[in-house]
K.L.:
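If you scroll down you'll find the structure; I have some questions about it.
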Protein chains: 2
Amino acid sequence: MRPTKPTKPTTASSVLSEAELLERHGVLPSAQRLAIAQYVLRTDEHPSADQVFAKVKRALPMVSRATVYNTLNLFVDKGLLRAHVLAEGKVVFDPNLAPHHHFIDEETGAIHDVPWSALAVSNVDALEGFDVHEYQVVLRGKLKKARST
Amino acid sequence: MRPTKPTKPTTASSVLSEAELLERHGVLPSAQRLAIAQYVLRTDEHPSADQVFAKVKRALPMVSRATVYNTLNLFVDKGLLRAHVLAEGKVVFDPNLAPHHHFIDEETGAIHDVPWSALAVSNVDALEGFDVHEYQVVLRGKLKKARST
DNA sequence: TCTCGGTTTAGACTCAGTCTAACCCACGTG
DNA sequence: CACGTGGGTTAGACTGAGTCTAAACCGAGA
């Protein structure tokens, strides 16, 4: 609507270019920010900041650690990412903004998303003395080695 | 049972002295370990290791950080404590060994226990592909300023 | 060209936590 | 009683995640 600036007629929000995504969230794009966005907004690996740093460095070798940290925090501020503290001593980033639960593989430490609808928590609203703003179930265990990858 | 060694007929496990508690869990008592136990096994503050260190230092000023860390990890190994990673970059220790949930005050960062029975999570056993060993609900929000403390 | 604001950079710094090597001390032995 | 042995403790060095800072960079406008 209002094609003052001819923004590409994007079909759906999920096929926006990273540049558009950033702009829509009030983040000025830059080469570094785009490189970071291209990885971290599309992954389901729940990477830590240093993992993002390592990954982005391959595409953009001169990028600095500070920039990666700044950018990730900026993305969290602007609502492009969520940060979770789940595992030992590390903040991990998650582009999945919809509420969901997390399963942590006790053997590998890998984090998997569990769809919100897969579990139901009853009684949250009735909790005495707590005004709950958000919640999630954190599960730990082993991956079942069933069929399929 | 089998009172080969006449262990004191303790009324309930919750009134054991720290020294007895440690011994029962296979931990040789020492002045430092007792001082740490006296605080950390009785608190509901969910302290971090450095908070324990600060607290214990008042009672036993020559204690070293390494000892506190060693001892806390030893207690976790021996099942006297549980460690949780809930808040930003800190491991907190919790003498409450029974399963329970946690509520994190978003304003102060304080952690409160939520009794296991206060919430119910359905469908955990039916989760596809995950062999869940333990889980908890992590809630975030504000404390309701209602009556009572 | 000059300036200005925002971005990036390297490196110093902080903080939590671990590691190491020396030390202490109670105990058992000759 | 000297000696060795083995926990436990200690200070301090070290590591790894993350923040801070000051300088450099860069693109847009005057």
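Numbered from 1 within each chain, the chains take letters A, B, ... in sequence-line order.
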K.L.:
Scan Leu74(A), Leu60(A), Val68(A) and name whichever one has a side-chain contact (heavy atoms from CB on, under 4.5 Å) with Ile36(A).
P.N.:
Val68(A)
K.L.:
Ignoring backbone atoms, test whether Tyr69(A) places a side-chain nitrogen or oxygen under 4.0 Å from the OP1 or OP2 oxygen of dT19(D).
P.N.:
no
K.L.:
Atom CD of Gln136(B) and atom CG of Asp113(B): how far apart are they, to the nearest 0.5 Å?
P.N.:
9.5 Å
K.L.:
Could you tell me the separation between the NZ atom of Lys90(A) and the P atom of dT19(D), rounded to a whole number of Å?
P.N.:
15 Å
K.L.:
Would you call His84(B) and Ile111(B) a side-chain contact if the rule is heavy atoms closer than 4.5 Å?
P.N.:
no
K.L.:
Return the residues of residues 43-52 of chain A meeting this criterion: a heavy atom under 4.0 Å from some atom of DNA chain D. Order them by number, or give none.
P.N.:
Ala49(A), Asp50(A)
K.L.:
Are Asp44(B) and Asn96(B) close enough that some pair of their side-chain heavy atoms sits under 4.5 Å apart?
P.N.:
no
K.L.:
Leu34(B) CG to dT9(D) P: how many Å, rounded?
P.N.:
10 Å
K.L.:
Any protein N or O atoms within reach of nucleotides 6-10 of chain C? Criterion: under 3.5 Å, listing atom names and distances.
P.N.:
unit_1 : atom_1 : unit_2   : atom_2 : d
dT7(C) : OP1    : Arg33(A) : NH1    : 2.8
dT7(C) : OP1    : Arg33(A) : NH2    : 3.3
dT8(C) : OP1    : Ser30(A) : OG     : 2.3
dT8(C) : OP1    : Gln32(A) : OE1    : 3.2
dT8(C) : OP2    : Arg33(A) : NE     : 3.4
dT8(C) : O3'    : Gln32(A) : NE2    : 3.0
dT9(C) : OP1    : Gln32(A) : NE2    : 3.4
dT9(C) : OP1    : Met62(A) : O      : 3.0
dT9(C) : OP2    : Ser64(A) : N      : 3.1
dT9(C) : OP2    : Thr67(A) : OG1    : 2.8

K.L.:
Who passes side chain to side chain donor-acceptor pair (under 3.5 Å) against Glu134(A), sequence neighbours left out?
P.N.:
Arg82(A)
K.L.:
Does Asn123(A) use its side chain to pair, donor to acceptor, with the backbone of Ala118(B) at less than 3.5 Å?
P.N.:
yes
K.L.:
Answer yes or no: is there a donor N or O on one side and an acceptor on the other, between the side chain of Arg140(B) and the main chain of His133(A), under 3.5 Å?
P.N.:
no
K.L.:
Not counting sequence neighbours, list each pair that qualifies as a ring pair (Phe, Tyr, Trp, His ring centres under 6.0 Å) and has a residue in residues 22-69 of chain A.
P.N.:
His46(A)-His102(A)
K.L.:
Taking protein heavy atoms under 4.0 Å as touching, what does nucleotides 22-30 of chain D look like 5' to 3' if B marks base contact, S marks sugar-phosphate-only contact and - marks none?
P.N.:
---------
K.L.:
Residues in side chain to side chain donor-acceptor pair (under 3.5 Å) with His112(A), at least two apart?
P.N.:
none
K.L.:
So do Val114(A) and Val137(A) actually touch side chain to side chain, heavy atoms under 4.5 Å?
P.N.:
no
K.L.:
Measure the distance from CD1 on Ile36(B) to C1' on dT10(D) and round it to the nearest whole Å.
P.N.:
13 Å
